[in-house]
Protein chains: 2
Amino acid sequence: MSSTTSTTSTTSTLGFAILALLARADSTGYEIASRMRNPVAYFWTASHSQIHTDLQRLLSAQMVAYDRAPGPGPQDKKVYTITAKGRDALREWITTPPRPQPERDELVLKSYAAWLADPAALMEMFRTALHRHEERLAEYERAWASLEEGAPPLFGTPKFGNMAALRCGLGYERHRVEWCRWMLDQLSRSLNPSCEAAKPNDE
Amino acid sequence: MSSTTSTTSTTSTLGFAILALLARADSTGYEIASRMRNPVAYFWTASHSQIHTDLQRLLSAQMVAYDRAPGPGPQDKKVYTITAKGRDALREWITTPPRPQPERDELVLKSYAAWLADPAALMEMFRTALHRHEERLAEYERAWASLEEGAPPLFGTPKFGNMAALRCGLGYERHRVEWCRWMLDQLSRSLNPSCEAAKPNDE
DNA sequence: CTTCATTATGTCAGTTCTTACATAGTTGGA
DNA sequence: TCCAACTATGTAAGAACTGACATAATGAAG
């Protein structure tokens with residue numbers, strides 16, 4: 001309605017990811033990038049170049065502010081803080097239902113085209129994927145155990161967010177491990193279909 | 001080796017998605033777009049504008065060719081076919097291990113920041129998401145049942161690809177439904193923590 | 001008869017994101 | 001002592017993708 005305060009929230013999803021991290025702890029751009037590589041925040045990643053770009057955009061939108069702190073390096077480092085305006089925008093964004101995501105997954109795409117390729121080579125690819133997912137799963141299980149050790153997750157504390165995201169990650173990796181194993185089983189059957197009658201057909 | 005045939009495979013993932021569809025059936029650009037909206041091929045989507053752009057790129061790379069066919073419309077429609085070169089490139093791409101995907105998921109990001117927001121509003125958002133995933137799951141289960149009806153999935157036939165991708169979709173939607181329910185349970189507990197001992201913990 | 005959905009092609013502006021380039025101090029090991 | 005890794009900032013070119021614009025025939029419903 002009011003033409004002055006344009007509510008054209010031009011903040012991108014990455015912008016909100018940055019705000020979500022700053023709401024937990026003040027950070028430099030570099031720290032934000034490394035915190036995003038952390039598996040707990042595994043669901044959104046960005047290169048440092050884009051983080052710097054977005055921080056500048058958030059700055060001009062007055063969503064964040066920064067204090068200069070010395071070194072190490074030629075320039076001062078900039079420790080960013082979320083502003084009240086940024087926290088308001090973040091809070092509003094959190095409960096806005098996201099549009100259904102387009103599910104872009106290269107491995108599934110490859111499986112869809114798998115009938116054209118060499119089964120042995122496919123098996124190697126899925127074995128690699130399986131190992132990756134098993135490692136991630138183990139990592140998440142360790143993180144989950146260490147989160148459950150302390151006090152129960154209180155809503156209103158960052159720990160709640162950690163558990164929520166981690167719980168999703170656990171379920172996702174379990175599903176992936178299962179799927180990769182199923183694929184490997186199907187592919188091995190196509191290589192030696194001899195034991196067709198012997199197999200008990202359940203797992 | 002040979003400097004003339006530059007193996008700089010500049011084909012994007014979308015390009016291979018298009019090739020994978022054309023390997024199953026010749027299609028116009030419009031048909032490719034609608035086939036990508038089909039839930040069986042739910043793992044990669046694109047707007048028609050980008051499909052047209054990529055088809056032109058694939059054409060100049062001689063990965064596809066087309067025959068003109070009449071109407072309906074002002075121009076002839078172009079029925080695209082995958083070429084031998086395109087099929088070779090596709091086959092090579094299928095077994096190349098994809099880099100670990102960055103897992104960009106807005107809903108998980110929101111859950112990570114959920115501790116800052118209103119639990120009631122969050123519950124509504126997760127209820128919406130739950131319904132979407134339940135619907136998808138039902139859709140996939142129907143598709144799976146109709147795939148199992150016929151002959152068993154033979155490797156070397158497109159049906160194998162359908163089952164592979166669908167199996168992944170089923171596992172994913174189940175995991176999502178489970179996670180959304182867990183989130184709703186956690187959020188409802190934070191709203192009335194009184195019945196901590198009373199509730200039977202299942203639904 | 002008009003209107004609307006579907007089939008069908010394409011361009012263009014703008015956003016998001018990746019990759020490479022560019023700089024520079026500190027710290028720790030070989 | 002030198003070299004590599006880490007901390008720290010940023011720019012710029014280009015790829016990937018979205019959404020709006022633009023055109024136009026067919027067929028079905030009202």
Side-chain angles (χ1 to χ4, degrees), chain A residues 8-18 26-38 43-61 64 66-80 98-106 109, chain B residues 8-19 25-38 43-61 64 66-80 98-106 109:
Chain A
T8 44
S9 176
T10 24
T11 312
S12 64
T13 307
L14 176 58
F16 288 112
I18 293 171
D26 297 349
S27 301
T28 66
Y30 183 84
E31 282 167 344
I32 290 170
S34 56
R35 286 173 69 191
M36 274 194 186
R37 278 191 296 271
N38 180 302
F43 38 80
W44 212 272
T45 48
S47 57
H48 82 272
S49 60
Q50 212 199 334
I51 287 166
H52 281 294
T53 310
D54 264 53
L55 274 172
Q56 277 161 24
R57 206 158 24 155
L58 289 169
L59 195 65
S60 65
V64 298
Y66 67 84
D67 283 316
R68 289 176 181 282
Q75 308 149 56
D76 286 350
K77 66 178 179 178
K78 298 176 177 176
V79 180
Y80 286 90
R99 296 189 300 175
Q101 303 274 132
E103 267 307 321
R104 274 193 180 115
D105 194 315
E106 213 172 309
L109 186 56
Chain B
T8 43
S9 176
T10 25
T11 312
S12 65
T13 306
L14 176 58
F16 288 112
I18 292 170
L19 289 178
D26 297 349
S27 300
T28 66
Y30 182 85
E31 283 166 344
I32 290 169
S34 57
R35 286 173 71 192
M36 273 193 187
R37 277 190 298 271
N38 180 302
F43 37 81
W44 211 273
T45 47
S47 57
H48 82 272
S49 59
Q50 212 199 333
I51 287 166
H52 281 295
T53 309
D54 264 52
L55 273 172
Q56 277 161 25
R57 207 160 21 157
L58 289 169
L59 196 64
S60 65
V64 298
Y66 66 83
D67 283 316
R68 291 174 180 283
Q75 307 149 59
D76 285 350
K77 66 178 179 177
K78 297 177 179 176
V79 181
Y80 286 90
R99 297 189 298 175
Q101 304 273 134
E103 265 308 322
R104 274 189 180 119
D105 195 316
E106 212 171 309
L109 185 56

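Chain naming here is simple, since letters A, B, ... match the order of the sequence lines and numbering starts at 1 in each.
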key: d(CZ, A/Phe16; P, C/dT16) in whole Å   = 11 Å
message = What is the separation between atom NZ on B/Lys78 and atom P on D/dA24, rounded to the nearest whole Å?
response = 17 Å
ask   = Starting at the 5' end of DNA chain C and moving along, which residue's nearest nucleotide shows up first, B/Arg104 or B/Glu31?
value = B/Glu31
message = Measure NZ/A/Lys77 against C1'/D/dC6 and give the value in whole Å, please.
response = 13 Å
request  = Round to a whole Å and report the spacing from CE of B/Met36 to C1' of D/dA16.
outcome  = 14 Å
ask   = Just how far, in rounded Å, is C1' of C/dA8 from CG of B/Asp26?
value = 17 Å
request  = Compare all side-chain heavy atoms of B/Ile51 with those of B/Met36 and state whether any distance is below 4.5 angstrom.
outcome  = yes
inquiry  = Which heavy atom of A/Ser12 sits nearest to which heavy atom of A/Asp54, and what is that distance?
reply    = OG-OD2, 2.9 Å
key: Partners passing salt bridge (Lys or Arg N to Asp or Glu O under 4.0 Å) against A/Arg104 (at least two apart in sequence or in another chain)   = none
query = In chain order, what residues pass the side-chain hydrogen bond (donor to acceptor under 3.5 Å, both in side chains) check against B/Ser27, with sequence neighbours excluded?
reply = B/Arg35
request  = Using salt bridge (Lys or Arg N to Asp or Glu O under 4.0 Å) as the criterion, list what pairs up with B/Glu31, not counting sequence neighbours.
outcome  = none
request  = For B/Asp76 and C/dT7, give me the distance from atom CG to atom P, rounded to whole Å.
outcome  = 18 Å
remark   = Taken to the nearest 0.5 Å, the spacing of B/Thr13 OG1 from B/Ile18 CD1 works out to 11.0 Å
query = In whole Å, what is the span from the CZ atom of B/Arg57 to the P atom of C/dG10?
reply = 15 Å
message = Can you give me the closest heavy-atom contact between B/Thr11 and B/Phe16, atom names plus distance?
response = O-CE1, 3.6 Å
request  = Strictly below 4.0 Å, heavy-atom distances to any atom of DNA chain C: list the hits from residues 48-56 of chain B, or just say none.
outcome  = B/His48, B/Ser49, B/His52, B/Gln56
inquiry  = I'd like to check the side-chain contact (heavy atoms from CB on, under 4.5 Å) partners of B/Pro98; sequence neighbours left out, ordered by chain and number.
reply    = A/Glu106, A/Leu107, A/Lys110, A/Met125
key: Between C/dT15 (P) and A/Leu14 (CG): distance, integer Å   = 15 Å
B/Ser47 side chain, from C-beta outward: closest of C/dT16, C/dA8, D/dT18 = D/dT18
query = If you fit an axis to the five pairs at each end of the helix from C/dC1-D/dG30 to C/dA30-D/dT1, how big is the angle between those two axes, to 10 degrees?
reply = 20°
